[in-house]
*Asks:* 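Sending over a structure as C-alpha cells; questions will come in a sec.
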Amino acid sequence: MARLDVIEKFHGISFPGHLHNKDSMQFALKFPFQDTDILIVSYPKSGTTWMQEIVALITNRGDPHLIQTVPNWTRAPWLEHHYAAAVLEASSITPRVITTHLYHHLLAPALHGSKAKVIYVSRNPKDVAVSFYHYHKMANFLPGPGTFSEFLNQFLEGTLCFGSWFDHVKDWSSQTATMNNLLHVTYEEMWLDIRGTIKRLSSFLQCPLVEDEINNCVKHSSFSSMKDNKMINHTLIPPEIVDHSKSSFMRKGKIGDWKNMFTEEQNQHFQNVFKSLMQNCPLEFVWEAQDEASSFEVLFTSAIVSIEATAWLTNRANRSYSLQQETL
Ligand SMILES: Nc1ncnc2c1ncn2[C@@H]1O[C@H](COP(=O)(O)OS(=O)(=O)O)[C@@H](OP(=O)(O)O)[C@H]1O
C-alpha cells in the first residue's frame with residue numbers, strides 16, 4: 001500500500017505529513033495553555049495512549065464512559081496535529097487533556113508561566129524501538145521501516161520521524177528540576193505498579209480517589225480491556241492509513257520484548273550508543289520485567305534527589321534555557 005508524505009523538517013525533525021503541517025506546528029508552538037490543562041508528553045511508543053486512558057479515568061473518578069465512547073484523538077488531541085485547533089475549540093470538557101510528542105525546547109515559550117500540569121511518559125528505548133518498528137509496518141503515514149537492523153540504526157541516529165529518543169528524554173526529564181508542575185512517569189512503573197502509579201497521578205492531578213474508583217481505573221486501563229476498545233486500538237482508522245494485517249496497535253504491551261528482536265551484535269551496538277549519549281543523564285531504565293534491582297531504581301526515577309542528579313539537571317536546565325532563547 002502507498003506510503004503517505006512525510007513533511008519537510010520542522011526545527012530539524014521530520015513529522016508525518018498526514019497529521020502535521022507547518023500551520024499546525026505553529027499553532028502548537030504558540031498555544032495559549034490554560035492553568036487547568038493537563039498535557040501528556042512522550043516520545044512515540046512510550047505509553048502515551050495508556051497514560052491518556054489513565055488520566056481520563058482519574059478525572060472521571062474511574063467511570064469508563066468517556067474512554068468507551070470518545071476516541072483518544074478527540075478527548076486528548078495531539079497539539080501538533082492539524083485537527084487539534086478545531087477539536088480544542090469545540091471541546092467543553094474541563095480539564096482539557098492535551099497530548100504531544102514535541103520536544104520541551106519547542107513548547108517552552110508556550111508553557112512559560114503556565115500552571116498546566118505536565119506528565120512526561122518515558123519507556124526503555126529498546127522496547128520503544130521494537131514497538132515503533134512494528135508500528136511503522138502498519139502505519140502508512142510513516143515511511144516504510146526497512147529491515148529491523150536498518151530501522152534500529154535510524155532510531156539510534158535520531159533520524160526517524162519525531163526525532164531522537166535520546167534528545168527527547170533528556171530534554172524533558174531535565175525539566176523536573178525546575179518545573180514544579182511536571183511529573184515524570186515511566187511505562188515500566190505503570191506496568192510494575194499500576195495501582196501505585198494511579199495513586200501518584202491522582203494526587204499530582206489533585207483528584208483524590210476512593211478505593212473503588214482506583215479499582216475501576218486499574219480495571220479499565222488494563223492491556224486486555226484497552227486492546228478491545230475501538231476508541232484507542234486504531235481499528236476506527238481506515239485501512240489505507242493503518243493496515244491491521246501488518247501488526248496491531250495494542251501489540252504485546254510487555255517489558256523486555258526487545259529480547260525477541262535484537263541480535264547480540266545489535267544489543268552491543270545499542271548499549272554503546274546508549275552509554276555515550278546518556279553518559280551524564282542519571283535516569284535508570286528497566287530493561288526486563290524480572291530485573292528487580294532496576295525496577296527498584298525506576299520507581300525513584302521521577303523523584304531524583306541525589307546531588308549528582310541535581311547538578312546534571314541544573315546543567316540541562318541551563319542548556320534548555322539557551323535553546324529557548326535561540327527559539328525566541
Ligand atoms: N494498558 C497497557 N498495558 C501495557 N502496554 C500498553 C497498554 N496500553 C498501551 N500499551 C502499549 O504501548 C505501546 C504504544 O505506545 P503509545 O501509546 O505511546 O503509541 S503512540 O505513540 O501513541 O503511537 C504499545 O506497545 P507494544 O505492544 O510494545 O508495541 C502498546 O501495546
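In each ligand, atom 1 is the first atom listed, and ligand 1 is the first ligand listed. Throughout, numbering of the chain's residues begins at 1 and tracks the sequence.
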*Asks:* For atom 1 (N) of ligand 1, which of Ser221, Gly256, Ser225 has the closest heavy atom?
*Replies:* Ser221

*Asks:* Counting the benzene-type ring for Trp, do Trp165 and Phe285 have ring centres under 6.0 Å apart?
*Replies:* yes

*Asks:* Look at atom 7 (C) of ligand 1 and find which of Trp50, Trp78, Tyr187 reaches it with the closest heavy atom.
*Replies:* Trp50

*Asks:* Please tell me whether Phe27 and Phe31 form a close aromatic pair, meaning their ring centres lie under 6.0 Å apart.
*Replies:* yes

*Asks:* If you measure from each heavy atom of Tyr43 to ligand 1, is any distance below 4.0 Å?
*Replies:* no

*Asks:* Under 3.5 Å between any N/O of Met250 and any N/O of ligand 1: does that happen in this structure?
*Replies:* no

*Asks:* Under a 4.0 angstrom heavy-atom cut-off, which atoms of ligand 1 come close to His101?
*Replies:* 21 (O)

*Asks:* In the protein, what heavy atom is nearest to atom 23 (O) of ligand 1, and what distance, to one decimal place, separates them?
*Replies:* Lys45 NZ, 2.9 Å

*Asks:* Which protein non-hydrogen atom lies closest to atom 18 (O) of ligand 1, naming both residue and atom, and how far is it?
*Replies:* Thr48 OG1, 2.5 Å

*Asks:* For Thr49, is at least one N or O under 3.5 Å away from an N or O on ligand 1?
*Replies:* yes

*Asks:* When you measure from atom 13 (C) of ligand 1 to each heavy atom in Arg251, Lys254, Arg123, His220, which option holds the nearest one?
*Replies:* Arg123

*Asks:* Side chains of Val41 and Trp172, heavy atoms from C-beta outward: is any pair under 4.5 Å?
*Replies:* yes

*Asks:* Please confirm whether Tyr135 comes within less than 3.5 Å of ligand 1 when only nitrogen or oxygen atoms on both sides are compared.
*Replies:* no

*Asks:* Are Leu79 and Leu107 close enough that some pair of their side-chain heavy atoms sits under 4.5 Å apart?
*Replies:* yes

*Asks:* Look at atom 30 (C) of ligand 1 and say which protein heavy atom is nearest, naming residue and atom and giving the distance to 0.1 Å.
*Replies:* Phe249 O, 3.8 Å

*Asks:* Below 4.0 angstrom from a heavy atom of Ser222, which ligand 1 atoms are there? Numbered from 1 as shown, please.
*Replies:* 1 (N)

*Asks:* Can you check whether Lys115's main-chain N or O pairs, donor with acceptor, with Asp35's side chain at less than 3.5 Å?
*Replies:* yes

*Asks:* Given Gly47, Ser247, Ser248, Ser131, which has its nearest heavy atom closest to atom 26 (P) of ligand 1?
*Replies:* Ser131

*Asks:* Once you restrict to heavy atoms under 4.0 Å, what part of His134 touches ligand 1? Side chain, backbone, both or neither.
*Replies:* neither

*Asks:* Indicate, as side chain, backbone, both or neither, the part of Pro44 found under 4.0 angstrom from ligand 1 when only non-hydrogen atoms are considered.
*Replies:* both

*Asks:* Can we say Lys254 and Asp257 salt-bridge, meaning some charged N sits less than 4.0 Å from an Asp/Glu carboxylate O?
*Replies:* no

*Asks:* Hey, can you tell me if Phe270 and Phe274 have their rings parallel, tilted or perpendicular (30° and 60° cut-offs)?
*Replies:* parallel

*Asks:* Using distance alone, determine whether Ser42 and ligand 1 share an N or O pair under 3.5 Å.
*Replies:* no

*Asks:* With under 30° as parallel and over 60° as perpendicular, where do the rings of Phe132 and Phe162 fit, or are they tilted in between?
*Replies:* tilted

*Asks:* Do Gly253 and ligand 1 have an N or O pair less than 3.5 Å apart?
*Replies:* yes

*Asks:* Would you say Ser131's side chain and Asp127's backbone share a donor-acceptor pair under 3.5 angstrom?
*Replies:* no

*Asks:* Test your reading of the model: is there a side-chain donor-acceptor pair from His244 to the backbone of His234, 3.5 Å cut-off?
*Replies:* yes

*Asks:* May I ask you to list the atoms of ligand 1 that are less than 4.0 angstrom from any heavy atom of Met226?
*Replies:* 1 (N), 8 (N)

*Asks:* Side chains of Phe10 and His20, heavy atoms from C-beta outward: is any pair under 4.5 Å?
*Replies:* no

*Asks:* Counting only heavy atoms, which portion of Lys227 has something under 4.0 Å from ligand 1: side chain, backbone, both, or neither?
*Replies:* neither

*Asks:* Measure centre to centre between the rings of His81 and Phe15, then say whether the value is under 6.0 Å.
*Replies:* no

